[in-house]
Amino acid sequence: MKKQLNTLILFIATLFSINVAAHEYTADSIQIDHPWSREAPPNATVIAGFFQLKNLATKDDFLISASTPIASRVEIHTHEMSDGMMKMMKIDNVRIGSMKTVMFKPGGYHLMIFNPNKSYKKGERFPMTLQFKNAGKVEVELAVEENAHVHHHH
């Protein structure tokens with residue numbers, strides 16, 4: 001009996017730890033997988049947000065804006081090659097094709113979060129509202145991870 005109880009406790013603890021580490025959100029037909037941000041140095045004037053978007057609908061959707069109570073503004077950005085140099089630029093929206101996945105990652109699409117109200121550390125989270133053309137508003141939390149962290153999606 002004691003062995004069975006220990007096995008059950010271990011199973012529950014493992015299940016709980018998996019749920020804490022993985023966080024995803026679904027609204028309408030948009031799934032947002034593991035929103036995260038890198039730990040920033042104190043007094044950073046900008047931080048970035050990353051995640052994976054999956055569109056499970058039969059029609060395209062668009063991420064059209066983002067906002068957070070922890071910063072003065074949030075912009076959608078991408079990187080583009082211009083005059084032989086990689087440049088970051090603000091864009092108005094990101095198309096998420098029907099039954100497609102779009103990655104927001106370092107060096108690609110990302111959110112630029114301007115003038116955060118504090119320096120967030122590894123293990124903390126902060127709220128973000130993502131606005132989609134069809135799916136509407138989705139409230140998520142970005143998990144703050146180590147600056148050296150490289151996140152891989154499967």
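Values below: every heavy atom of this structure, side chains too, minus hydrogens, waters and symmetry copies.
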>> Could you work out, with side-chain hydrogen bond (donor to acceptor under 3.5 Å, both in side chains) as the rule, every residue matching Asn93, not counting sequence neighbours?
In response: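 Residues passing side-chain hydrogen bond (donor to acceptor under 3.5 Å, both in side chains) with Asn93: none at all.
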
Name all residues meeting the side chain to side chain contact (heavy atoms under 4.5 Å, CB included) criterion together with [X]; count only those two or more places apart in sequence or in a different chain, and write none if there are none.
X     : value
Thr45 : Asn115
Met88 : His77, His79, His110, Met112
Thr26 : Gln31
Thr78 : Met89, Ile91, Tyr109

>> List the residues meeting salt bridge (Lys or Arg N to Asp or Glu O under 4.0 Å) with Lys137, not counting sequence neighbours, and say none if there are none.
In response: none

>> Using the salt bridge (Lys or Arg N to Asp or Glu O under 4.0 Å) criterion, which residues pair with Asp28? Sequence neighbours excluded.
In response: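 Asp28 satisfies salt bridge (Lys or Arg N to Asp or Glu O under 4.0 Å) with no residue once adjacent residues are dropped.
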
> Distance from Ile47 atom CD1 to Ser37 atom OG, nearest 0.5 Å?
Replying inline: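 Interatomic distance, Ile47 CD1 to Ser37 OG, rounded to 0.5 Å: 4.0 Å.
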
>> For the aromatic rings, using the six-membered ring if either is Trp, is the centroid distance between Tyr120 and Phe126 under 6.0 Å?
In response: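 Yes, close enough.
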
> So which residues get pulled into Met81's cluster when ILVMFWY side chains under 4.5 Å apart are joined, directly or through others?
Replying inline: Met86

> Who else is in Phe62's hydrophobic cluster (ILVMFWY, side-chain heavy atoms under 4.5 Å, direct or via others)?
Replying inline: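 Hydrophobic cluster check, Phe62: joined to Ile64.
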
Salt bridge (Lys or Arg N to Asp or Glu O under 4.0 Å) partners of [range], not counting sequence neighbours, each pair once:
range            : result
residues 56-68   : Asp60-Arg95
residues 74-88   : Arg73-Glu75
residues 104-120 : Lys118-Glu124

> Between Ile96 and Leu56, is there a shared hydrophobic cluster once you connect ILVMFWY residues whose side-chain heavy atoms come closer than 4.5 Å?
Replying inline: no

>> Closer than 4.0 angstrom, basic N to acidic O: yes or no for Glu146 and Lys122?
In response: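 Here Glu146 pairs with Lys122 in a salt bridge, since their nearest N and O are under 4.0 Å apart.
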
